[in-house]
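A note on names: the letters A, B, ... follow the listed sequences, proteins ahead of strands, and every chain is numbered from 1.
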There are 2 protein chains.
Amino acid sequence: MINGRFATAIHILTLLAREEGDVASSYIAGSININPVLVRKEISVLRDAGFVATQEGKNGGSRLAVRPSKIRLSDLYKIIYREGLFTHSKNMPNQHCAVGRRIGTIMDNLNVEAEQALLKRLHAISIQDLLDKV
Amino acid sequence: MINGRFATAIHILTLLAREEGDVASSYIAGSININPVLVRKEISVLRDAGFVATQEGKNGGSRLAVRPSKIRLSDLYKIIYREGLFTHSKNMPNQHCAVGRRIGTIMDNLNVEAEQALLKRLHAISIQDLLDKV
DNA sequence: TGTTCTGTAATAAAAATAATTACAGAATGA
DNA sequence: TCATTCTGTAATTATTTTTATTACAGAACA
């Protein structure tokens, strides 16, 4: 679902987009109302993607590394749902049944279609757009 | 995610679309490789929606109640994800923070946008279309 | 009237998410 | 220098969600 990590990432980035200096993970966690460790983990993903920069040590924290208008939600989606939002069931369908044999491929194609539709829409929305709504 | 119940429903309907008479839940469960009770539960939802008809008792089972071309995946999606695929986190964000105060509405809007994009695509695909691929 | 289906409730097991604890290392500055 | 306050990350626990199982009443049929 689009919540969970995706919502967390959006919240983090929108918050950072509004703040001047380095923002501590505990502060961000206080705004989202989740555990600071989860924030740090998500930030490490965002950092790997080049969206944020982090300063360790006292008075440290994170800040945006690019302009908010450069962060599209489609990028975020791809980073976070690397393995596809619409994942496989791990129960192997019955291969002796014609439908069971084909359903895997059918669902795969469907997932691709669905994700493409989603990404196309998310591509048009940036963190700046969300920021404008705050 | 699009799997789980959604994939189950699609599998059930595609199977029923290929079969002549009433199909038992245990047979369907054997094709999907899940528990028959889950199949019966999902069928009860599909029945409430008017897509399938069920015959109880010996030699009973389910069959399609409408033509496969009349069942669009967008309909299925709506039936199954009544409360929205992209649901809320139940942690209330910090209302003393400007971002925390607005993020709920922002995510709600985003979810609507995302679902609309998804539904638009799913609207163009029917069970008949999937059947043609089997 | 026994057999074989369904419907559904209740419970248990498994998987996915989120929270917490713990601690080493980095930067700061008194 | 060294106490303080940050981060990063591993390990564990707790919670929630999803799936599976068990159980049994009722329907239809031969």
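- Between S69(B) and S126(B), the shortest heavy-atom contact is O-CB, 3.7 Å.
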Practice task
Test side-chain contact (heavy atoms from CB on, under 4.5 Å) on R72(A) and Y77(A) and set out the steps.
Solution key: CA-CA 9 Å; R72(A) 297 177 183 283; Y77(A) 182 97; over 6 Å; no

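- Side-chain atoms of E115(A) and Y81(A) include no donor-acceptor pair closer than 3.5 Å.
- In plain terms, the two heavy atoms of G50(B) and V66(B) that are nearest each other are O-CG1, 3.8 Å.
- Looking at Q128(A) and D132(A), their side chains do bring a donor and an acceptor atom within 3.5 Å of each other.
- For the pair D48(B) CG and dT8(C) C1', the interatomic distance rounds to 13 Å; values are reported in whole Å.
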What's touching nucleotides 19-22 of chain C from the protein side, N or O pairs under 3.5 Å?
unit_1  : atom_1 : unit_2 : atom_2 : d
dA19(C) : OP1    : N91(B) : ND2    : 3.0
dT20(C) : OP2    : N35(A) : ND2    : 3.1

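- Between the CD1 atom of I32(A) and the C1' atom of dA18(C) there is a distance of 13 Å, rounded to whole Å.
- Under 3.5 Å, the side chains of S62(A) and T54(A) contain a donor-acceptor pair of N or O atoms.
- The phosphate of dG7(C) has OP1 or OP2 within less than 4.0 Å of a side-chain N or O from R47(B).
- In terms of modelled atom types and a separation under 3.5 Å, the side chain of D75(B) and the main chain of I71(B) share no donor-acceptor contact.
- Among the candidates L16(A), I43(A), L64(A), I12(A), the single residue satisfying the side-chain contact (heavy atoms from CB on, under 4.5 Å) test with V23(A) is L16(A).
- A salt bridge links R5(B) with E42(B): at least one charged nitrogen is closer than 4.0 Å to a carboxylate oxygen.
- The interatomic distance linking I80(B) (CD1) with dT17(D) (C1') rounds to 17 Å, in whole Å.
- Rounded to whole Å, the distance from CZ on F6(A) to C1' on dT17(C) is 18 Å.
- A distance-only check finds a donor-acceptor pair linking the side chain of R101(B) to the backbone of Q95(B) [under 3.5 Å].
- Non-hydrogen atoms lying under 4.0 Å from DNA chain D are contributed by A24(A), S25(A), all within residues 14-28 of chain A.
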Could you list the protein-to-nucleotides 27-30 of chain D atom pairs, N/O on both sides, closer than 3.5 Å?
unit_1  : atom_1 : unit_2 : atom_2 : d
dA27(D) : O4'    : E56(B) : OE1    : 3.0
dA28(D) : N3     : K58(B) : N      : 3.3

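- In this structure, N33(B) contributes its side chain and M92(A) its backbone to a donor-acceptor pair below 3.5 Å.
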